[in-house]
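Computed from a prediction, not measured in an experiment: that's the story for all the values here. Residues take their numbers from the sequence shown, with the count starting at 1. Start at 1 and go down the list; that is how both ligands and their atoms are numbered.
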Amino acid sequence: MPVPTFDPLSLAAPAALRGLAPYPFPMPGPIINFRGGVPDPVTFPLRDLADAAQRVLRDDPTALQYGYTSAYQRLSDYLISRYARDDGRTLNPDQISINAGAGQAIALACTAFVAPGDAVILEAPTFAWALRIWKMHDAHTTGIPVDGDGLQTDALETKLRQLRSEGRPIKLLYTVPSFHNPTGAVLSAGRRRRLLALAAEYGFLILEDNTYREFRFEGDLPPSLFAQDAGGRVVSIGTFSKIIAPGVRIGWAAGHPDVVRALAAVRGDLGASPWMAGVVADYASSGKLDAHIRDIVPLYHAKRDRIVASLSERCAPYLRWRTPPGGFFIWVTIADGIDPTKLAAAAELEGISYSAGHLYMADASARNTFRLSYSHLSLAEIDRGIAALGRALARCAP
Ligand SMILES: Cc1ncc(COP(=O)(O)O)c(C=O)c1O
């Protein structure tokens with residue numbers, strides 16, 4: 001008798017069928033790739049991590065066990081000391097959640113707090129992977145425009161009023177206020193205060209994603225939202241992905257104990273790797289992480305300077321951009337008259353790729369924008385890649 005064919009996708013949940021790209025993404029082939037918020041692998045502290053890994057195995061083999069290990073405890077202690085130093089906050093261990101990167105914290109917050117149809121407010125543009133998470137959970141996503149001072153809080157207030165009048169529960173606002181992905185903007189001090197006031201008035205949580213906070217090239221960073229949060233409305237999300245390496249897959253969330261408990265309650269895994277938590281805690285609490293950050297930031301600063309200089313030299317007639325004061329990205333707007341689809345094809349023929357702007361928008365608008373990531377490229381690759389972009393633009397210009 002013939003075996004009936006089996007189509008596993010007939011069993012899949014709707015979210016799995018919505019054409020969302022699975023992880024891990026395929027990276028483009030032998031081209032200069034301006035996609036991805038990827039740290040430069042030359043920065044990975046290989047020897048120090050190897051030493052730390054050996055020390056953890058020798059001194060604390062419980063780090064290889066399930067559960068709340070002493071490795072988690074050491075990492076929590078380190079993070080508590082970091083929050084005291086950077087944000088002037090005194091935290092207890094029950095205010096820290098250790099996760100597989102910042103990405104997991106966003107996903108846990110979504111599962112814990114957002115029901116289908118609930119309003120989630122995002123920046124427009126916003127971090128594309130986070131957008132994917134809100135959409136998978138059928139959140140009602142609303143993008144608020146970002147300018148050189150970050151999220152436009154006037155526009156936010158108008159939107160909040162509208163959502164309230166529609167009777168839609170406003171659960172959460174997700175923001176990357178310091179060296180925003182994808183624009184590089186910093187949310188101004190005044191707007192930070194206003195945002196906190198609006199969160200109190202409208203009763204929503206703020207998810208403050210600080211992934212790029214350490215990558216400051218110039219100017220001062222205003223105090224974080226978490227530093228100014230009197231009401232327990234801010235969840236501070238951080239990660240070691242960019243300041244150590246993404247492969248450690250260790251990040252954290254800090255907030256009100258009830259929020260941290262809610263994140264723990266919806267976990268579908270059995271914890272982030274305690275061994276890697278121990279390795280990171282050993283490395284970071286020795287003081288080496290701070291020295292490492294001081295060493296690597298100038299490298300990214302030089303890349304930012306190079307891409308801005310290259311863009312000015314090769315692409316100025318065709319593109320507009322703001323020089324980001326930190327972070328990994330430049331967000332560009334294409335001049336009128338150049339077709340973004342034709343430009344992407346021409347760029348690929350020239351041997352480069354970048355991320356189309358609509359991927360960062362809740363409503364898939366902003367087709368005349370794109371994001372260039374310079375973090376993982378060498379200075380020579382940046383020069384060659386932007387020269388290729390200039391050629392592609394010249395070909396597509398009217
Ligand atoms: C704003 C932002 N948040 C979170 C992440 C994911 O970080 P992690 O590797 O810690 O999951 C990224 C990665 O690009 C990011 O750009």
State whether Tyr202 and Arg164 meet the cation-pi test: NZ (Lys) or CZ (Arg) under 6.0 Å from the six-membered ring centroid, and within 45° of the perpendicular axis.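 Yes, cation above the ring, under 6.0 Å and within 45°.
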
Geometric cation-pi criterion Arg89 and Phe226, 6.0 Å radius, 45° cone: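 Pair Arg89/Phe226 counts as cation-pi.
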
Check: every ligand 1 N/O to protein N/O pair under 3.5 Å:
residue: ligand 1; atom: 3 (N); partner: Asp209; partner atom: OD2; Å: 2.6
residue: ligand 1; atom: 3 (N); partner: Thr211; partner atom: OG1; Å: 3.2
residue: ligand 1; atom: 9 (O); partner: Ser241; partner atom: OG; Å: 2.6
residue: ligand 1; atom: 9 (O); partner: Arg249; partner atom: NH1; Å: 2.9
residue: ligand 1; atom: 10 (O); partner: Ala102; partner atom: N; Å: 2.7
residue: ligand 1; atom: 10 (O); partner: Thr239; partner atom: OG1; Å: 2.5
residue: ligand 1; atom: 10 (O); partner: Ser241; partner atom: OG; Å: 3.1
residue: ligand 1; atom: 11 (O); partner: Ala102; partner atom: N; Å: 3.3
residue: ligand 1; atom: 11 (O); partner: Gly103; partner atom: N; Å: 2.9
residue: ligand 1; atom: 11 (O); partner: Arg249; partner atom: NH2; Å: 3.0
residue: ligand 1; atom: 14 (O); partner: Tyr212; partner atom: OH; Å: 3.3
residue: ligand 1; atom: 14 (O); partner: Lys242; partner atom: NZ; Å: 2.8
residue: ligand 1; atom: 16 (O); partner: Asn181; partner atom: ND2; Å: 2.8
residue: ligand 1; atom: 16 (O); partner: Tyr212; partner atom: OH; Å: 2.6

Do the side-chain N and O atoms of Arg249 and Gln104 include a donor-acceptor pair separated by under 3.5 angstrom? no

Answer with yes or no whether the side chains of Arg82 and Tyr78 bring together a donor and an acceptor at under 3.5 Å. yes

Ring centroid separation for Tyr300 and Phe217, is it under 6.0 angstrom?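 They do not qualify: ring centres at least 6.0 Å apart.
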
Are any non-hydrogen side-chain atoms of Leu163 and Ile121 less than 4.5 angstrom apart?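 Yes. Closest side-chain heavy atoms under 4.5 Å.
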
